[in-house]
Amino acid sequence: MSGANRFVPTLRTGQAHPHPAPIGGDAYSAVELMPGYRLVILDQRKLPLQERYEFVSRVDEVADAIRNMLVRGAPAIGITAAYGLVVAAYAARGDAPSFLEAMSAADALLRASRPTAVNLAWALDQMKPVVANAANLPFVQRTEALAQAASGLHRAEVAACRMLGAHGLTLVPDGATILTHCNAGALATGGYGTALGIVRAAHEARKNIRVIACETRPYLQGARLTAWELHKDRIPVEVISDSMVAHFMAKKAIDLVVVGADRIARNGDVANKIGTYGIACIAAAHGVPLYVAAPWSTVDLKCSSGEDIPIEERPERELSHLPLADGNQLQLVPDGVGARNPSFDVTPARLVAAIVTERGLARPAGEASLANLRNG
Ligand SMILES: CSC[C@H]1O[C@H](OP(=O)(O)O)[C@H](O)[C@@H]1O
């Protein structure tokens, strides 16, 4: 991939991006650990008009950044939570017992920030043994041990995206038009992307693909983030409203659907951004395959089916008002009228043609095909 997708924006202070070569090579990342154990987070609420970075040096700020969706996307919030433990470790200067107490509090704060994406809990679980083993080290070595582990987790997640992209390539016909929903790109994964990882792999393989991105109300990840990423990478993309999907399917304008995931149950049911289930129903009605791209860290074998997946209800105001670039909000709903805002829905495995992971394809989606991938 050319450097075309390596954005080097001006930061809030006007400085150049502190990491001209983000983790993942030429894939850019929405969150990175800086020297001095501070996080730099691209504020995704401000895209596409403003590439604004926030410097974060306290774990409660990291939890707020996840909760308030400055950083979002299942793998990205897992990576950010792991880095949040590093920030907490840098602030915990005491002996081993006090360090472990501080880390336990940080874990609880981060784990509670959003409920649906299993990657958040998975990443924090990955860090638990690292915290335990580092507790008796001197402060500097203790902090650096966590920083190395969190950075390693970040690199591994980007590598998983590249591998699943290669696996997913086999599903993309030459000249295909791919529909996607929400943003499952570099911004959602720490680099390269899952659904957009397959798109990038197809583009790199010169398959002459083009993308139709659903705007994805109410947060508009498709219109604001997927369009921004693909345009930067010079991959053809057009935005449609979520209500247009059936029209374009009926016109045979879409060859396949590729989406991300926030949690995949043991039976292959998939929790993803609200609207995915509707798209899956429309795709099935028109014989269009729907593929789910996700690293294995998104598979939750402790969840027997989609019924066990917690669905986050976000604030009504995120649907009833539209944030404007100047910081104000445009009211869309009359005073006194409520709004419902479930942030995810569950697509049953029977509507998923394949789950694409770095370990290979679970095809068709289901308990047996996932079990075949279980041992890596
Ligand atoms: C590659 S994970 C992307 C996944 O996360 C998004 O949710 P949110 O933007 O609320 O964090 C959406 O479900 C995407 O498919």
Side-chain angles (χ1 to χ4, degrees), residues 24 27 29-31 41-45 47 65-81 113-123 154 157-158 160-162 164-165 168 179-200 213-226 228-229 242 257-264 269-280 290-300 306 309-315 318-319 341-347 352 355-358:
S29 164
V31 59
I41 292 177
L42 172 57
D43 185 347
Q44 297 187 38
R45 301 173 303 177
L47 290 173
I66 294 170
R67 186 180 311 107
N68 299 327
M69 295 177 70
L70 281 73
V71 58
R72 33 64 51 199
I77 63 179
I79 292 161
T80 303
S113 55
R114 289 188 78 189
T116 303
V118 68
N119 305 65
L120 179 56
W122 172 83
H154 187 172
E157 287 290 77
V158 176
C161 286
R162 290 180 181 278
L164 75 81
L179 179 87
T180 191
H181 187 63
C182 196
N183 170 258
L187 293 172
T189 58
Y192 202 71
T194 53
L196 297 194
I198 293 175
V199 167
R200 287 191 166 97
C214 292
E215 63 174 351
T216 317
R217 283 270 300 151
Y219 194 78
L220 301 173
Q221 291 93 329
R224 297 188 304 107
L225 306 179
T226 290
W228 180 80
E229 279 199 41
D242 303 335
V257 181
V258 184
V259 297
D262 292 82
R263 194 183 300 234
I264 299 171
D269 291 348
V270 175
N272 195 48
K273 186 49 52 193
I274 190 76
T276 304
Y277 175 39
I279 290 171
L290 179 134
Y291 301 113
V292 173
W296 191 255
S297 54
T298 307
V299 176
D300 182 359
I309 300 175
I311 299 297
E312 178 184 15
E313 284 272 351
R314 291 202 59 93
E318 288 184 3
L319 187 138
N341 189 15
S343 197
F344 302 95
D345 58 25
V346 174
T347 298
V352 180
I355 295 171
V356 186
T357 79
E358 69 276 27

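Both counts, for ligands and for their atoms, begin at 1 and track the order of listing. Every heavy atom of this structure was used, including side-chain atoms; hydrogens, water molecules and symmetry mates were not.
- Look at Glu312 and you'll find every heavy atom at least 4.0 Å from all atoms of ligand 1.
- Qualifying salt bridge (Lys or Arg N to Asp or Glu O under 4.0 Å) partners for Asp345, counting only residues two or more places apart in sequence or in other chains: none.
- Arg224 places a side-chain N or O within donor-acceptor distance of the main-chain N or O of Gln44, the cut-off being under 3.5 Å.
- Scanning all protein heavy atoms for the shortest distance to atom 4 (C) of ligand 1 gives Asp262 OD1, 3.5 Å.
- Annotation: atom 10 (O) of ligand 1 to nearest protein heavy atom, Lys273 NZ, 2.7 Å.
- Counting heavy atoms under 4.0 Å from ligand 1, residue His181 does not touch it at all.
- Summarising the contacts of atom 6 (C) of ligand 1 with Arg72, Gln221, Arg263, Gln44, the nearest heavy atom is found in Arg72.
- For atom 15 (O) of ligand 1, the closest non-hydrogen atom on the protein side is Asn272 OD1, 2.5 Å.
- At the top of the distance list for atom 2 (S) of ligand 1, counting protein heavy atoms only, stands Ala74 N, 3.2 Å.
- Protein heavy atom nearest atom 3 (C) of ligand 1, with residue, atom name and distance: Asn183 O, 3.4 Å.
- The protein heavy atom nearest to atom 1 (C) of ligand 1 is Thr194 OG1, 3.3 Å.
- Contacts between Ala195 and ligand 1, counted as non-hydrogen atom pairs separated by less than 4.0 Å, are absent for every part of the residue.
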